[in-house]
Number of protein chains: 2
Amino acid sequence: MRFETSTIKDIAKALGLSTSTVSRALRDRYEISEETKKLVLAYAGKVNYRANPIARSLKERRSYSIGIIVSEIANNFFSQVINGIESIAYAKDYHVIISQSHESFAQEKLNVEHLASRSIDGLLIALSSETQDLHYLRDLYSKGLPIVFFDRVPQDFETHKVIANNFKGAFDATEHLILSGKRTIAHLTNSENLSITRERLKGYQAALNKYHIGFNPDLVKYCQHGGMHSEELEQAVKELLPLKPDGIFISSDRLTTGCIMALKKTNPEVANTIAIAGFTNSNLVELFSPSLTSVKQPAFEMGQVATELLISMIEAKRPVTEFETKILDTELVKMIKPKL
Amino acid sequence: MRFETSTIKDIAKALGLSTSTVSRALRDRYEISEETKKLVLAYAGKVNYRANPIARSLKERRSYSIGIIVSEIANNFFSQVINGIESIAYAKDYHVIISQSHESFAQEKLNVEHLASRSIDGLLIALSSETQDLHYLRDLYSKGLPIVFFDRVPQDFETHKVIANNFKGAFDATEHLILSGKRTIAHLTNSENLSITRERLKGYQAALNKYHIGFNPDLVKYCQHGGMHSEELEQAVKELLPLKPDGIFISSDRLTTGCIMALKKTNPEVANTIAIAGFTNSNLVELFSPSLTSVKQPAFEMGQVATELLISMIEAKRPVTEFETKILDTELVKMIKPKL
DNA sequence: TACGTTTTTGGGAACGTTTGCACACTTTTT
DNA sequence: AAAAAGTGTGCAAACGTTCCCAAAAACGTA
C-alpha cells in the first residue's frame, strides 16, 4: 500500500533506540532487557505497528506463504481441500495463494512459475488433466522449492504425496452397483495420464473380477479435458448408450455431475433407468435427480495432511530425503431411492 | 524461495554494466541505447532472469496484487465472480489473493487486515452477512487503500460498487411464481443488514403489490448466518410450513440450496408441492429435484467490472472523487417441468 | 581500583530493486 | 571555436527489515 504506516525506524526514533534494538524487542529476543521490551511493545501497540511482510520477505528470502494449484475452485472437492489447507496454514502463520489451472497445462505452468517468482515457500499442487511434462516442476524442486502433491500425483517424483484410496473407492462403488443387480457397468473417467484415472480403473476392474463379470474396454470412456467441455461428455454418453449399460461408475467430481447433465439433456428417457455411482464431493448431491451413489473423498483432511507435510519440509533444517505417500479412505454414500 | 536466482546485480557484473543501466534496459526505458538493451535482454533471457517481485514491491511500495474477500469460494456465485476478476487482473498484470470470511465478521476483518499488511494495491470485497461495523474498512480506505464493493455493498460508503439488479431479479422471480398461480408466497432471505436482503425484499413486495396480494411479514424469514448452519434453515422451514405457502422466493445461493435440502429432509412429502424460485448461480441447478426457477446473477461480468473499476482507482494519478454504482441485470431461468 | 564477564545496546551492511542526479561523451547550434 | 543541447551511463540512496559485529553499560571479583 502506498499510504504510510509506522516502521521500526519510526519507533526507534521516537524511543531514542536503535532499529536493531526495536527489531529484537518486537521479536522477543533474549538479548533485550525486559524493560526495553515492555517499552517498545507498548509504543508499538499504541501506534498500531505492523511489520512489513514485504521487507521481511526480502531480508529473510522467504515469504511465509504457500502456493496452491487446483484445476478449479468451483469444484467442491477442491474448495474443501483448500479449506483444509487454510485451517493448518493460518494456524502456523502461513498465508495461502490460490491459483486455478482450469485443467490446462499451459495455465498450470504459468501459475506455478508466477507463484515461484513471488517467493512462495512451498507448493501444494493437484496436476491438471493435461499435464504430462513435469520438467518445470522438477526444475523448481531441484532448486529447493518444497512441493507436495495431492489428489492427482505423478508417479515418478520423489516427494510427499497425499491421495485418497482411489482403488478402494472405485472398488466399493462398482461393487455397490453390482450388488444392486447391475451387470453392464460402464466407466466414465478422466484423462489417462492422471494417477487417479489409473487407480480408479483398477478398482473398477477388481470389482468386476470379484463377481466374475468380464471387462469390456468399450465400456470405458476417457475424457481428456476432465469434463471441462460439455461436448466431450455428450460424445461419451452417446457412444456408451448403444452398449446398453445398466450402471455407470464415474471417476471424478466434474465428470459425475457433467455426465448426469449430459444424460438428462440427450436422453432424458433413460436417465432414470441407469444406476450411477461416482466420485463427487458436491454437498448438493442429495438434491440430484436422478439420485446417485457417491464416493466422497476426505477433502478437508487431505488439505490438512498435505499442508502439514509441506510445512514440515519448509521448516526442515536439513533437506528431507524420506518421503511418504499418505492414503486416506473414501466414504461410500449410497443412493437413497428417489421419492417422487 | 531460498534458492538463488540471478539478479540484476549478477547481470550487471557479467556484462560490465551498472545495475541502474540493467534495470532500465530491462524495463525498456528510452535513455538506454538499443545496443545495450539488446545485450542485456539477451543475457537476461539466457540466464532466465526473473525480477524479484518482493524487492520491487518494497521499492515501489506497491505489490501489483489485489485482495479479494468473499464469504466462500465453494459458493458458485463467488467462484464465478473470482474467475471474472482473474480474467481482468491477469490481463493487466495484477495478481489476486483470495480470502474467505465464511460469513464471519471477525474472520473478514482479520483477513482484510492481513491482506492490507501484505501491501495489496486494492481490495474487492463482498461483505459477510454479519458485518455491520465498517470502521476498519473506512480506516484503510482513508489511508489510501482503494476499495470496490460488489454484491453485498454498504449503503454509506463513498466508493465504486457493482451489484446485480436485485430489485428486478426478485421482482421477476416473485412475479413468475404469481403467474404460475401461487398466492401464498414465502420469502426466505439473508441477514437484514445486507444490502441484497433489503433490495430483494423490495422486489418481492413490489411483485406482490402489482398483483394485489397482501404482504404478510410472517411469511418472511431471515437467516442471520446466511445458511451456514443447517439448523437455522430447518428452523425457518419449520416456522414457514404451518402458514401453508404454495411458493417460496429465496434470496441467495446458499439459502436456496440449503432450503431445498431442509425441505426434503424435514418434510419430503411437501417438497414437491411447493414452487421454488431463488437466487442461485449453481451450474448444477438442472439436476435438482424438486426443480426450481432460478435467478442467475452475471457473476463473471460482475467480477470483471469490479476489477476494472478497482484498477482504475489504483492507477489514477489523482484521488478519485466521482464514484459509480454499476447495476447488472439478472437472468430468470424458468423451471422446466420435471420429467419423471 | 582495576580487571574480566556478562548483559544490553547500537552501527551498518545486506536483501534486490528503482530513480534522482551527476558525469562524460557526442552532436548541434551560434 | 566555444557554448548549448542531447545521449548514454554510473553512483548512491532509498524501501523496511534482520543480523553480524562491536561498543557500552552493569556487575563481580581480586
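Just so it is clear: chains get the letters A, B, ... in the order the sequence lines come, proteins before strands, and each one is counted from 1.
Taking atom CD1 of B/Ile54 as the reference point, atom C1' of D/dT18 lies 15 Å away to the nearest angstrom. In this entry the distance linking CD1 of A/Ile8 with C1' of D/dC19 reads 12 Å, nearest Å. One can place CG of B/Leu58 at 9 Å from C1' of D/dA14, the figure rounded to the nearest angstrom. Put simply, CZ on B/Arg62 is 16 Å from P on D/dG16, counting in whole angstrom units.
Between the side chain of A/Asn111 and the backbone N or O of A/Glu108 there is no donor-acceptor pair closer than 3.5 Å. Remark: the backbone N or O of B/Thr19 is not paired with any side-chain donor or acceptor of B/Ser23 at under 3.5 angstrom. Using modelled atom types, no side-chain atom of A/Asp121 and backbone atom of A/Ile66 make a donor-acceptor pair closer than 3.5 Å.
In summary, A/Glu103 and A/Arg152 engage in a salt bridge, as defined by a charged side-chain N under 4.0 Å from a carboxylate O.
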Could you tabulate the donor-acceptor pairs under 3.5 Å formed by side-chain atoms of residues 87-94 of chain A, not counting sequence neighbours?
unit_1	atom_1	unit_2	atom_2	d
A/Ser87	OG	A/Gly84	O	2.7
A/Ser87	OG	A/Gln304	NE2	3.0
A/Tyr94	OH	A/Arg62	NH2	2.8
A/Tyr94	OH	A/Glu315	OE2	2.9

Item to check | Residue pair A/Val96, A/Thr307: steps toward the side-chain contact (heavy atoms from CB on, under 4.5 Å) verdict | outcome: CA-CA 10 Å; A/Val96 307; A/Thr307 310; over 6 Å; no
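Remark: A/Asp28 engages A/Lys37 in a salt bridge (charged side-chain N to carboxylate O under 4.0 Å, His left out) (not counting sequence neighbours). The salt bridge (charged side-chain N to carboxylate O under 4.0 Å, His left out) check on B/Glu72 picks up B/Arg254, with sequence neighbours excluded.
The aromatic rings of A/Tyr141 and A/Phe323 sit tilted relative to each other, their planes meeting at an angle between 30° and 60°.
Atom CD of A/Glu31 has more than 12 neighbouring heavy atoms from other residues, nucleotides or ligands inside a 6.0 Å radius.
Listed pair A/Tyr64 / D/dT17 fails the phosphate criterion, with no side-chain N or O lying under 4.0 Å from OP1 or OP2. For D/dC19, one of the phosphate oxygens OP1 or OP2 lies less than 4.0 angstrom from a side-chain nitrogen or oxygen of A/Arg29.
Of all nucleotides in DNA chain C having an atom under 4.0 Å from a heavy atom of chain A, the first and last in 5' to 3' order are C/dT8 to C/dG16.
Note that the two end axes of the helix from C/dT1-D/dA30 to C/dT30-D/dA1 enclose an angle of 70°, each drawn from 5 base pairs, rounded to 10 degrees.
Side-chain contact of B/Ser128 with B/Gln107: a donor-acceptor pair under 3.5 Å is absent, judged by distance alone.
Nearer the 5' end of DNA chain D, as judged by each residue's closest nucleotide, is the contact made by A/Lys9, out of A/Lys9 and A/Ser23.
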Next on the checklist: Generate the contact string for nucleotides 6-12 of chain D. Rules: B means base contact, S means sugar-phosphate contact only, - means no protein heavy atom under 4.0 Å.
Outcome noted: --BBBBB
